[in-house]
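Just so it is clear: chains get the letters A, B, ... in the order the sequence lines come, proteins before strands, and each one is counted from 1.
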Number of protein chains: 2
Amino acid sequence: MARSGRLSPGGDQRESGRQQILDVIRAAESIARIDIAKATGVSPATVTAITAELLAAGLIEEIAPEVAPGARRGRPRVALRIRGGAHRIAGLKVSHHVISTVITDFVGQELASHEMPLVQGTMPVPELCAQIRRALELTCTQGGFSIEDLSGVGIGMAGMIDAERGFIYWSSSLEERNVAFSAAITAELPCPVFLDNDANLVAKAEHLFGEGRTCDNFIVITIEHGVGMGIVIDRQIYRGTRGCGAEFGHTKVHLEGALCQCGQRGCLEAYVGDYALLREANISSGSDRHRTIASLFQSAENGDAMAKSILDRARRMFAMGLANVVNIFDPSKIILAGARLSFDYLYSDKLIEEMRQWVVQVDAPLPEVIVHDWGDLMWAKGAAAYALEEVTARTVRELANAAA
Amino acid sequence: MARSGRLSPGGDQRESGRQQILDVIRAAESIARIDIAKATGVSPATVTAITAELLAAGLIEEIAPEVAPGARRGRPRVALRIRGGAHRIAGLKVSHHVISTVITDFVGQELASHEMPLVQGTMPVPELCAQIRRALELTCTQGGFSIEDLSGVGIGMAGMIDAERGFIYWSSSLEERNVAFSAAITAELPCPVFLDNDANLVAKAEHLFGEGRTCDNFIVITIEHGVGMGIVIDRQIYRGTRGCGAEFGHTKVHLEGALCQCGQRGCLEAYVGDYALLREANISSGSDRHRTIASLFQSAENGDAMAKSILDRARRMFAMGLANVVNIFDPSKIILAGARLSFDYLYSDKLIEEMRQWVVQVDAPLPEVIVHDWGDLMWAKGAAAYALEEVTARTVRELANAAA
DNA sequence: ATGATTTAATTTGAAACTCAAAAAAAATAT
DNA sequence: ATATTTTTTTTGAGTTTCAAATTAAATCAT
């Protein structure tokens with residue numbers, strides 16, 4: 001039972017230092033050596049040594065100091081930043097009707113993006129692999145480079161996924177269950193592949209680039225067709241032992257409740273997810289009037305009592321679910337990510353107020369609840385963020401091996 | 001934002017190694033140097049160096065090798081173990097009617113225990129401090145030593161407690177809210193005090209001495225008057241940002257549900273806790289027939305339909321709560337701790353079966369559910385386990401400072 | 001018995017790492 | 001120009017860890 005992070009036997013012992021400094025540079029976007037020293041507690045001498053290595057490896061670069069930094073005495077600080085050109089990274093989100101892809105540089109800047117429609121949502125493994133490869137190629141072409149130029153690919157899918165093993169217990173995109181999907185797709189692509197549940201990837205994106213940058217413990221909740229959750233504890237995605245935790249959407253909120261798409265009853269998702277609301281609206285009105293949430297929401301705005309009551313219950317159930325998350329995790333932040341949150345039944349003062357009622361009362365401020373709308377590419381960017389982090393870790397590890 | 005665990009600037013850099021090796025020795029109870037090396041990945045040379053230090057400091061000791069260890073060639077291994085005499089540790093559990101105390105040696109072996117009745121359950125801070133001191137003195141006297149001999153005291157209380165700050169948001173034992181209780185009690189005692197929520201402490205005890213020894217991620221659930229939870233992630237108690245997470249008992253399981261002692265509605269505790277069951281039984285039967293859970297349980301056994309239905313619902317609610325914990329945490333083990341679990345409405349194949357129904361289905365084995373009955377001293381032992389761990393950490397830190 | 005063999009623990013010496021202090025670099029202030 | 005200030009780099013000392021060699025303490029084989 002070797003444990004990581006304590007004594008590091010054999011070879012190069014600087015790996016953690018390199019990783020730490022790279023993290024700080026990435027978080028700061030640009031930062032001088034002296035500030036890295038202050039931020040990390042590492043001595044300036046060591047910062048110089050490590051940054052010199054990273055520079056030599058091409059992972060970071062110096063920024064030419066501005067001409068007039070404004071009456072500051074002494075040797076001017078030279079800012080460092082991640083070198084965008086060091087790697088190209090792709091992120092893909094596989095959903096039912098489309099594969100969206102984004103390609104970023106090593107900084108995380110978008111270089112190209114693309115949406116590829118899917119004719120059928122559920123398919124066999126080889127077919128999905130082929131589609132993923134095609135989506136990647138199309139996006140690369142659009143950006144003017146080749147798939148060979150990628151250093152890593154992140155893939156996000158809805159379903160139960162053990163990220164560590166690259167194993168898919170179940171996904172709505174696959175006909176088969178229990179597939180070692182990483183192995184399959186890796187064989188198709190010329191670079192490492194990193195696979196995870198889509199909600200975890202959004203959490204990763206929030207951590208690296210979004211509202212979670214300044215925050216060590218937070219929770220991301222995504223609402224779309226289904227309800228997802230990503231948990232960040234101590235700067236790390238929490239995945240559970242089988243890799244299938246954080247199933248917030250399938251948390252039970254009612255003993256003999258509404259039927260969920262997962263086949264069980266009483267799941268939160270069956271009260272809050274798109275399909276659940278539309279189903280109830282259409283059944284109740286005995287018609288197929290509502291095809292989108294926007295339409296249902298509009299009806300409620302126009303004073304339709306039934307629509308109102310449906311959205312009302314969704315909000316109360318959601319508030320209850322959120323309160324349970326706070327009661328269990330006590331996170332410092334809850335980030336509601338995605339476009340759906342712009343409908344105010346899901347985010348409003350009323351929601352927060354109801355949540356407060358259900359959270360165990362202490363005389364300390366509630367966790368902050370934030371809405372963050374990333375736009376359409378949110379999921380793909382999340383996948384890219386994950387790949388970015390993993391490629392960084394690998395590169396640092398290779399550096400260590402090279403040094404030893 | 002200095003981060004711990006990576007580069008360790010200044011002074012002695014061996015602290016983590018010492019702690020790691022001490023942890024391994026404690027977990028193994030007794031172990032030879034060569035096996036420490038294997039278990040940790042640290043080289044035998046370094047193990048020799050560090051264990052020599054720990055021996056010199058009196059924290060560990062060698063065990064004289066057995067005479068005939070059974071046909072094993074080569075130099076016989078010399079086992080090391082924690083030296084019980086190194087420290088004396090006390091653990092207290094403050095509950096409504098009694099303060100139970102246990103004193104252990106540095107190994108965790110019980111040296112003395114005592115129960116001191118409390119006339120009134122809720123009292124002002126100075127009064128509780130005085131009672132705690134008295135309980136400690138009585139227990140020390142019983143063990144034949146003095147309160148001055150203690151190296152640390154752990155205290156567990158029901159309520160919302162921020163362990164890190166030693167701050168009590170609310171506890172049923174205290175008249176005041178928002179008390180810096182650690183500071184108050186530390187002033188009364190000649191040694192460091194470590195305060196935490198009682199369920200967390202049981203988790204700590206399971207981790208150090210119980211079912212959690214071989215397990216990095218598990219959850220402990222305690223049921224008594226109320227329902228508590230302790231979460232261990234990566235060998236560490238998870239406490240949340242305000243220190244008041246893991247409120248499993250106040251997780252909401254019903255939108256407009258039963259009234260809980262916390263004043264809210266729909267808490268799991270209001271369906272599963274002792275007081276909730278008795279309340280319902282007595283209201284329903286219009287009498288005061290049932291004064292204990294045992295009596296209610298007996299009625300159900302004898303075929304009383306009402307009693308049966310009450311316990312039935314409790315079990316179903318509990319199963320649903322457990323399923324939610326699995327859906328969110330995906331732990332490798334769930335430990336149900338405490339005597340109450342011997343009533344089979346709370347633990348039975350039926351419960352597990354119901355839980356399985358509510359857990360999101362994947363083709364991977366469910367987390368193990370284990371019942372562990374510690375007897376009366378469970379809570380106090382948990383408090384002692386916490387103090388033991390903290391005293392160990394402090395001692396190691398002092399060793400580091402001494403070396404530097 | 002006695003030497004060969006095996007396994008555990010310790011010692012030794014080299015390599016790596018971090019840091020404090022000193023030095024160098026590069027600007028502004030006077 | 002020279003002094004001052006601030007950042008970065010260099011230098012050298014002190015730790016720490018490890019691989020390899022050595023020592024220790026047992027059993028096995030003859």
Q: Would you name the heavy atoms of B/Val391 and B/Thr395 that are closest together and state the gap between them?
A: O-OG1, 2.6 Å
Q: Identify whether NZ of Lys or CZ of Arg in A/Arg88 sits under 6.0 Å from the centre of the six-membered ring of A/Phe145 and within 45° of that ring's axis.
A: yes
Q. Base, sugar-phosphate, or nothing: which does A/Val47 touch, judged by heavy atoms less than 4.0 Å apart?
A. nothing
Q: Rounded to the nearest angstrom, tell me the gap between atom CD1 in A/Ile34 and atom P in D/dT5.
A: 16 Å
Q) Quick one: is D/dT7 close enough that its OP1 or OP2 comes under 4.0 Å of any side-chain N or O from A/Arg72? A) yes
Q: Select one nucleotide: of C/dA9, C/dC19, D/dT7, the one nearest the side-chain heavy atoms of A/Val42.
A: C/dC19
Q | Nearest to side-chain heavy atoms of B/Thr48, which nucleotide of D/dT17, D/dT8, C/dA9 | A | C/dA9
Q) If each of A/Ala49 and A/Arg77 is mapped to the nucleotide of DNA chain D with the nearest heavy atom, which maps nearer the 5' terminus, i.e. the 5' end? A) A/Arg77
Strictly under 3.5 Å: I want the nitrogen or oxygen pairs between protein and nucleotides 21-25 of chain C, one per line.
from: C/dA25; atom 1: O4'; to: A/Arg75; atom 2: NH1; distance (Å): 3.4

(Q) Would A/Arg26 and A/Phe106 count as a cation-pi pair here, with the cationic atom under 6.0 angstrom from the ring centre and within 45° of the axis? (A) yes
Q: Name the closest nucleotide to the B/Arg73 side chain, picking from D/dT10, C/dA8, D/dC28.
A: D/dC28
Q: Write down the distance between CD1 (B/Ile63) and C1' (C/dA8), rounded to a whole number of angstrom.
A: 16 Å
Q: Identify the heavy atoms of B/Arg33 and B/Val47 that sit nearest to each other, and give their distance.
A: O-CG1, 3.7 Å
Q: Could you work out which one of C/dT18, D/dA19, C/dT10 sits closest to the side chain of A/Thr46?
A: C/dT18
Q) Roughly, in whole Å, what's the span from CD in B/Glu53 to C1' in C/dT10? A) 15 Å
Q: For the residue pair A/Tyr238 and B/Phe329, categorise the inter-ring angle as parallel (less than 30°), tilted (30 to 60°) or perpendicular (more than 60°).
A: perpendicular
Q | Non-neighbouring partners of A/Leu201 that pass side-chain contact (heavy atoms from CB on, under 4.5 Å), sequence neighbours left out | A | A/Asp196, A/Ala383, A/Tyr386
(Q) Of the options C/dT18, D/dA25, C/dA8, whose atoms approach the side-chain atoms of A/Arg14 most closely? (A) C/dT18
